[in-house]
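One structure is given here, and the rest of the page talks about it.
Below, chains carry the letters A, B, ... as their sequence lines are ordered, and counting in each starts from 1.
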Amino acid sequence: MVQQIKEKYEETQLYRIRHSLAHVMAQAVVEMFPEAKYTIGPPIENGFYYDFDLPRNLTPEDLEQIEKRMRQIVQGKHEFKKKVVSAEEARQIFKDQPYKLELIDGLEKGGFDEYGNPLAEKPEISIYQHDTFIDLCRGPHVQNTSEINPNAFKLMSVAGAYWRGDEKNKMLQRIYGTAWETTEQLEQYLWKLEEAKRRDHRKLGKELDLFSVSDEVGPGLILWHPKGALVRVLVEDFSRKAHLENGYEWVFSPHIGRAHLWEVSGHLGFYKENMYSPMDIEGEAYYAKPMNCPFHIQIYKSRIRSYRELPKRYAEYGTVYRYERSGVLHGLTRVRGFTQDDAHIFCRPDQVEEEISRALEFSLYILRSMGLKDFKAYLSTRPEKYVGDPADWDKATEALRRAIEAHALPYEVDEGGGAFYGPKIDLKVNDALDREWQLSTIQFDFNLPERFGLEFIAEDGQPRRPYMVHRALLGSMERFFGVLIEHFAGAFPVWLSPVQVMIIPIADRHLDYAREVAQKLRAEGLRVEVDDRSERMNAKIRDAQNQKIPYMLVVGDKEVEANAVALRLRNGENPGPMPLTEFIARAKKDIAEKN
RNA sequence: GCCCACAUAGCUCAGUCGGUAGAGCACACCCUUGGUAAGGGUGAGGUCACGGGUUCAAGUCCCGUUGUGGGCUCCA
């Protein structure tokens with residue numbers, strides 16, 4: 001999995017620091033709880049963690065104390081010493097540590113490393129010691145704890161985690177820490193966390209009145225308020241138009257379908273745990289759709305298809321319902337009912353290459369139009385269990401790879417990470433805080449064409465099976481909106497701002513003029529409101545700015561006199577008075593350029 | 001689903017040792033008509049998530065349920 005990056009990270013000093021701090025933390029915890037059973041503690045993105053089996057639950061005060069003790073240990077200038085040992089020696093050393101013994105068994109048998117990941121070769125067994133603490137570990141570590149800056153790490157949280165990630169196993173206590181080379185880096189990281197909190201879409205969703213979730217309706221079900229819905233409508237309209245211009249045909253399909261459909265599609269076999277219980281309609285079972293594919297397939301199958309009419313590209317904003325376990329729901333990014341900007345492409349084998357390339361190109365175009373610029377692709381290839389012809393898999397995978405390379409996207413290959421029905425590209429987006437979000441996906445499907453017996457009549461008059469590609473670009477409207485909110489911190493580009501202009505009359509006598517300006521701007525297609533409250537101008541500015549409204553137009557005696565407006569921007573910039581016509585030109589330019 | 005924490009006015013929160021509920025913002029009304037990030041006053045607004053229990057007495061202690069948050073696992 002994602003080998004390229006992982007290996008690079010493993011070679012860095014930061015990786016060694018984090019890995020070493022995990023050991024130091026384990027020492028501090030074991031000192032605090034001599035009966036503690038310790039398990040594994042790897043470096044991760046931004047830091048490290050270690051999982052413990054402890055006699056009681058940790059409190060925030062415990063964390064402080066552990067952190068304090070860690071500083072002392074780090075400052076003790078202890079050397080990290082590696083030693084290769086036999087399995088027997090290792091068992092002796094860790095005789096009171098059942099989790100370690102389990103790991104040693106795995107190492108001895110080969111096939112698994114100390115984190116339980118599959119391994120090609122049988123590894124040597126090594127231990128690392130610093131100060132009084134010995135851990136089963138293959139390293140690498142710093143030479144000496146003096147290489148660790150005692151003021152560049154911090155323990156962040158305690159959370160439950162299953163032994164080896166399996167929910168059938170015991171729940172352990174995981175302590176997360178973050179660690180850096182310098183204090184500045186630590187502070188920068190902590191700032192980023194704060195900033196992420198400030199732009200949390202759940203918080204902004206409330207403050208900007210964009211959406212809500214109601215207990216009465218149910219968890220994971222989103223209510224789009226007028227302002228949020230307006231953004232969605234704008235995004236949908238833009239994207240729908242682009243689809244129609246790019247050779248897609250728009251379709252609509254129902255939200256439920258007969259059990260038989262889902263049996264044929266196989267969803268009742270391999271996807272049932274994500275589907276809701278059926279409803280009874282005149283003695284027949286119907287299911288809410290977890291995917292749109294079977295419906296688009298029915299449209300394809302509604303008559304005989306000629307090779308001449310391929311490719312067929314059916315697009316729909318398809319609302320699907322999937323059962324997600326209560327613990328995984330999260331704001332807009334993980335919900336139970338959501339709308340995908342879905343499409344299915346049915347094409348001839350000789351069209352695959354171009355269709356993939358087009359789909360990727362189109363995806364990048366749409367995402368860039370939304371103000372997202374930083375992408376990374378993940379190519380997932382054939383897993384061990386798969387359906388279809390390996391030759392088709394290879395052809396499809398190569399088409400995906402060439403498309404990525406043709407677009408000069410950075411990418412990683414997830415060998416064997418594809419679904420059983422086909423290889424795929426996932427496109428992840430890095431937002432303004434450099435956080436990665438998965439949005440687009442382009443997947444081949446070698447399963448459904450077979451199951452539904454899809455055909456087209458080839459040039460020679462014989463039926464052939466088409467290739468089928470499933471793709472979503474924004475992913476889901478809910479998740480995309482969540483990402484959009486966080487990326488822009490709620491300050492959407494002008495073309496997507498629910499309210500683009502707030503007119504701020506200074507005194508009541510300017511109200512008529514303010515309304516007149518509003519009318520003129522509306523006639524130009526701008527979304528305008530007048531703040532006619534009996535508040536001071538300062539308060540109105542503050543409120544408009546907090547609502548992230550792109551343009552504030554202050555109008556008072558001078559503006560009325562000169563048929564002008566005084567412009568203020570939401571970033572605090574103050575271009576000042578200008579003729580109304582000049583403002584209109586400026587706004588229209590910003591909108592056209594998607595600023 | 002599992003581990004931990006949390007749930008008080010529309011929002012953000014306070015509420016000590018168990019003694020019967022508070023602030024700011026928002027809202028309504030009144031005064032104020034102010035030139036680039038909060039003018040002043042008055043008022044209305046709460047089954048303290050829900051259901052049990054302990055107690056003379058529960059927002060506060062205990063149990064359960066629901067929801068939310070941080071994780072685990074999974075994913076658009």
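Residue pairs meeting the salt bridge (Lys or Arg N to Asp or Glu O under 4.0 Å) criterion with at least one member in residues 317-334 of chain A, sequence neighbours excluded: A:E167-A:R325, A:E324-A:R334. Residue pairs meeting the salt bridge (Lys or Arg N to Asp or Glu O under 4.0 Å) criterion with at least one member in residues 553-576 of chain A, sequence neighbours excluded: A:R509-A:D557. Applying the side-chain hydrogen bond (donor to acceptor under 3.5 Å, both in side chains) definition to pairs two or more places apart or across chains, those involving residues 468-479 of chain A are A:H243-A:R471, A:Y248-A:R471, A:H344-A:H470. Under the ring-ring contact (aromatic ring centres under 6.0 Å, His included) criterion, no residue pair touches residues 496-518 of chain A, with sequence neighbours excluded.
Among residues two or more places apart in sequence or in another chain, the side-chain hydrogen bond (donor to acceptor under 3.5 Å, both in side chains) test is passed with A:E535 by none. Residues passing the side-chain hydrogen bond (donor to acceptor under 3.5 Å, both in side chains) test with A:E361, sequence neighbours excluded: A:H407. The salt bridge (charged side-chain N to carboxylate O under 4.0 Å, His left out) search around A:K168 returns none, not counting sequence neighbours. Listed by chain and number, the residues in a salt bridge (charged side-chain N to carboxylate O under 4.0 Å, His left out) with A:R198 are A:E195 (sequence neighbours excluded).
Straight-line distance between the P atoms of B:rC62 and B:rU16: roughly 14 Å, to the nearest whole Å. B:rG69 and B:rA44 have their P atoms separated by 35 Å, given to the nearest Å.
Residue-level contact check: A:F481 touches neither bases nor backbone, having no heavy atom under 4.0 Å from any strand.
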Side chains of residues 222-229 of chain A: which donor-acceptor partners sit under 3.5 Å, not counting sequence neighbours?
| from | atom 1 | to | atom 2 | distance (Å) |
| --- | --- | --- | --- | --- |
| A:H225 | ND1 | A:D209 | OD1 | 2.8 |
| A:H225 | NE2 | A:S212 | OG | 2.7 |

Contact list (N/O, under 3.5 angstrom) for nucleotides 4-14 of chain B vs protein:
| from | atom 1 | to | atom 2 | distance (Å) |
| --- | --- | --- | --- | --- |
| B:rU12 | OP1 | A:K206 | NZ | 3.2 |

Output a table of nitrogen or oxygen pairs between the protein and nucleotides 24-32 of chain B separated by less than 3.5 Å.
| from | atom 1 | to | atom 2 | distance (Å) |
| --- | --- | --- | --- | --- |
| B:rU32 | O4 | A:S534 | OG | 2.8 |

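A:Q545 contributes a side-chain N or O that forms a donor-acceptor pair with the base of B:rA37 under 3.5 Å. Interface remark: the A:E559 side chain does form a donor-acceptor pair with the B:rG35 base, using a distance-only criterion of under 3.5 Å.
Base-pairing analysis of RNA chain B finds the following stems of at least three consecutive Watson-Crick or G-U pairs, with both pairing distances under 3.5 Å: B:1-7 with B:66-72, B:10-13 with B:22-25, B:27-31 with B:39-43, B:49-53 with B:61-65.
Checked against B:rG71, B:rA76, B:rC74, the side chain of A:Q443 finds its nearest nucleotide in B:rA76.
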